[in-house]
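Just so it is clear: chains get the letters A, B, ... in the order the sequence lines come, proteins before strands, and each one is counted from 1.
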There are 2 protein chains.
Amino acid sequence: MQTTGNQYLVKKINKSIVFDTIRRKNPISRAQISESTNLNKGTVSSLVKELIDDDLVYEIGPGQSSGGRRPVMLLFNHVSGYAIGIDLGVNYILTVLTDLEGNSVEEERTPLQNLSFDSVISALFQSIRAMIDRAPDSPRGIVGIGIGVPGIVDEKGTVLFAPNLGWKNVNLSRMITDEFHLPVIVHNEANAGAKGEHLFGSGKGRENLVYVSVGIGIGTSMIINNALYGGASGFSGEMGHFIIESHGKKCRCGNRGCWELYASERAFLEQAKSLSVPSTDSADLDLDRFIQAANEGNSEVIQLFNQIGEYLGIGLTNIVNTLNPELIIIGNRFAKAEKWIRNPIHRVVESRSLPYHRQPLKIAFSSLGTHSCALGASSFAISNFFSDMKVPVG
Amino acid sequence: MQTTGNQYLVKKINKSIVFDTIRRKNPISRAQISESTNLNKGTVSSLVKELIDDDLVYEIGPGQSSGGRRPVMLLFNHVSGYAIGIDLGVNYILTVLTDLEGNSVEEERTPLQNLSFDSVISALFQSIRAMIDRAPDSPRGIVGIGIGVPGIVDEKGTVLFAPNLGWKNVNLSRMITDEFHLPVIVHNEANAGAKGEHLFGSGKGRENLVYVSVGIGIGTSMIINNALYGGASGFSGEMGHFIIESHGKKCRCGNRGCWELYASERAFLEQAKSLSVPSTDSADLDLDRFIQAANEGNSEVIQLFNQIGEYLGIGLTNIVNTLNPELIIIGNRFAKAEKWIRNPIHRVVESRSLPYHRQPLKIAFSSLGTHSCALGASSFAISNFFSDMKVPVG
DNA sequence: CCATATCGTTTATCCATTGAATAAAGCGAG
DNA sequence: CTCGCTTTATTCAATGGATAAACGATATGG
C-alpha cells in the first residue's frame, strides 16, 4: 500500500528536513534554518521544539549577532544515543561503538580461532554484549546494530550465501534481534565499506563512488547520488567473478578466468608461497610479511605485487568503462599494499580505459584502513534509527 | 533547494496517486479508487473532478451494480494527447507517434543515405514534422518528443559522445526544442529499448531486468524496481567494452579484448565476409542475408552464429554474476538471429554462472522487434509530460 | 539615545484531508 | 409495488499543519 499525502506526512517531511539541516550545518540558528530550507520561521520554531523534546537537538546558547537580536544556536545532540558497528571478517570480528555522528568511542577486535558456526556466533554475541556494557549513559541508549558480512544478504538481513564463512541461509538479523531486542541491519561487507568511506573516509563529500574491497576475494559496491546502489545485497555480491580471461583458470565458482583469481589477496598468496621469504609464526600476517619484504627491496615480491596490481587494473578498467565513476576507492586488507600496487594499477587503467571516461576518474585508497566496514555498518544502524525516529509517532 | 512539505505537495502526491490508479486499473469507479488507495471518498471525488477538467480522465457511464447504486466508471483519456518516439539509428531513423498509453498510431522509417551531421539532423526534423502533421486532433496535442541515441547522453539531453554517429557534444535536446517548442527527452538507445521492453514487450510486469542491445556495438541498460537505473546516460554506455580477454584483440576504444569485438553484429559481419554466401545489392541487409543462409542450412554460417552466441554468453555471464538479474532481454538487430544464437548463449551461461545465481534467471529476446527503442523513447516523453502535469499549477 | 536590523514567538488565516452526514441510485424480498 | 438495505458520490464541519504578518526582545552603530 502506498503512502498517501496528508498533514502528518507533511510534518514528517519537514521535521526531517529541519533535523538534517541541523545535523549538517551544526551549529545553526532557527533563523538560518528557515533561510536555508525555505520553511516559515514559525514552522521551524515548532519543529525545533519537538526535536529538543526528542533529545535529538539542544540549544548551546547565544551566537554572534549580525546587527540585531542574537540568535540561539542549536546543536545536534550526537551523544543522545549510540550505535554498534560490526565487521564480521573471515577470521576476526571488529566491533565499534559510535555516537550518532558515527564517531568511534569504543572498539574491540576479536580474532577467531574456531571458525565453526556456533563459535563464531557466540563470539559475535559476546562482542555485542561488551559494547552494550561499555556504552556511556544516554537518553536513548543503543539505537541499533549494523553488521557487514562477506557474502550475499537479502533485505530482511538473511545471509543467503557467504562462501568464505561457509554460511548459507542464516537469518542473522533475527538471531541478533531475538537476543538483544535491538534493530539490526545486515549488509554486504563491501556495501558497508563503501558507506564508511563515503561518510568518513576517502569518499567524503563525493556523490558517487565505487568501492572495491580487495581481501581474500573481491567485492564491490557503489554509491550513486549519495545512496547505496541496490539494497542490502545489491549488485555488489560478486564482481570478483567478472571474467577477464574467457579461457583462463578454473574458478571454484564453476567459471573460468574470474578476476579474483588474478587480482585478490588469495591470488597473491598462492603465488607468493613459492617465493623465498622468511616466514613468521603467525599465519595471519602473511600479507604484512610480504609487504615488509617488498619494503626491504625483495625484487621477486615487488614483481609479484606489480603483476597483481596490473590485473587489478584490468578489472578496474571494466568498472571504469562500464560505470564511468568519478572515484574508485580500493579498500580492505590488500589496500595496505598501496605503495606497491598503486603504480601498476594506474598504468593499466590509464592505458586501457575509454578516452571519453578517463578525464574525471580518481583512484584512491581507503583512508579508514580496516575500519571502513565497521564504521559503515554502524552508520546503517544510525540512519535506520533516524528514519524510524523522524516519524512523529507521538 | 529541497522541496518542503505543504498542502500543495500533499495534493500533488494524492492527485498523482489517483491518476496512476486510474491509468493502471482503468475502468474504475471513485469508490474503488478510494478503497484501493486508502484516500477518503471526498478527496477522491475532488481530485477526479480536477483530472476531468484537465482532460486526463473521463466518465464512461454507469458500471455494474454490486447491490447498490451503480458506480460511474472512469477511464484514462489516452487520446487526450500524443507523443513522438524516435530511434535514431546509425543508418536509419524510426519515428513513431503514440497515444498517452504508448500505443503506436503512426510510424515512419527513414533510411539514411547521407550520414553527414546536417543531413541526419534535417532528416530528423523532417520526420518529426511529418508526425506532427499526421497527429489526430486532441485537447493537448503533441505533449513531447523522446529520442534514443546510440551514445552517451547527459541529463540535459546533450549527446556527449556517439562514436557510431561521429557526434560529440551535440546539444540535441536544445536543437529540437528550438525548432518545435516541445519538451524533448534524449536518452541512450539501450535505456530507451529497456524501457520499451519493460512497458510493452518481454519485460512487461517485471520489476527488474537487464536489456542488452546487440547491434553494431553492444549497449546495456537496467530497470531496477521499475525505474531505469542511472539516469539518461547512466551506467549503460559501454558495457560492450567489458574486457573478456585481457590479452585479446585491440579495440578502437584503446583497450584490448573488449566484449563487443567478439560478440556484436560488427564482429559477426567481419568474420562472415570470408564465407561464401551469395551477396545481395542492398548493403543494409547483410545480417538478414546470413540469417537466411543459416536457415537454408549453410553450416559455416551456423557455426559462426554459434561462436558469436558463445561469446555473447560469456559477457552475459559477467552480467549475471555481477548484477544477479531475474531477466535479461536481448534486443536490437542481432536479436533477429535468435534461432541460431539462443542455444549457445544458454549453454555458456548455464555452465559458467555462479550456482547461486542460476536459479531465477531468464534470458529472453526482444518481443517488440526493432521498435523497442522508439516506443521506449516515446514513453519517456509521456512520463515527462505527466510528471509536469501532475503539479497543480492552476 | 535613537534608528534600524535580526531573531524567535504568537496570532490569524489558509487549505487539503478526513469522517460523518446526506443525497442519489439500485437491488431484492415479500 | 413498496419497503428496507446497499452502494456510490457529494457536501460540510472539524482537524492539523504551513504561512504571512505582527510583535516583543535584543543587538548594532552613529
Answer yes or no: is there a donor N or O on one side and an acceptor on the other, between the side chain of A:Glu197 and the main chain of A:Gly203, under 3.5 Å?
-> no
Provide the start and end nucleotides, 5' to 3', of the part of DNA chain C that has atoms under 4.0 Å from heavy atoms of chain A.
-> C:dA5 to C:dT17
Atom pair distance, as rounded to whole Å: NZ in A:Lys12 and C1' in D:dA18 | 18 Å
For A:Leu39, which of A:Ile33, A:Thr21, A:Asn14 qualifies under side-chain contact (heavy atoms from CB on, under 4.5 Å)?
-> A:Asn14
Test item: A:Arg70 side-chain N/O and A:Gln64 main-chain N/O as donor-acceptor pair under 3.5 Å | no
Are any side-chain N or O atoms of A:Arg23 and backbone N or O atoms of A:Glu101, one a donor and one an acceptor, separated by less than 3.5 Å?
-> no
Please lay out, stage by stage, how B:Leu47 and B:Lys15 fare under the test side chain to side chain contact (heavy atoms under 4.5 Å, CB included).
-> CA-CA 6 Å; B:Leu47 294 176; B:Lys15 191 168 173 181; 4.1 Å; yes
Under 30°, 30 to 60°, or over 60°: which ring-plane class applies to B:His187 and B:Phe380, parallel, tilted or perpendicular?
-> parallel
Of the candidate nucleotides D:dT28, D:dG17, D:dT19, which contains the atom at the shortest distance from the side chain of A:Tyr8?
-> D:dG17
Round to a whole Å and report the spacing from NZ of A:Lys11 to C1' of D:dT15.
-> 13 Å
Within 6.0 Å of CZ in A:Arg134, more than 12 heavy atoms from elsewhere | yes
Rounded distance (Å) that lies between atom P of D:dA18 and atom CD1 of B:Ile13 | 13 Å
In a check of side-chain contact (heavy atoms from CB on, under 4.5 Å) between A:Pro183 and each of A:Thr177, A:Ile145, A:Ile176, A:Asn384, which one passes?
-> A:Asn384
Taking protein heavy atoms under 4.0 Å as touching, what does nucleotides 1-13 of chain D look like 5' to 3' if B marks base contact, S marks sugar-phosphate-only contact and - marks none?
-> -----BBBBBB--
Figure out the NZ/P separation between A:Lys15 and D:dG16, and round it to whole Å.
-> 16 Å
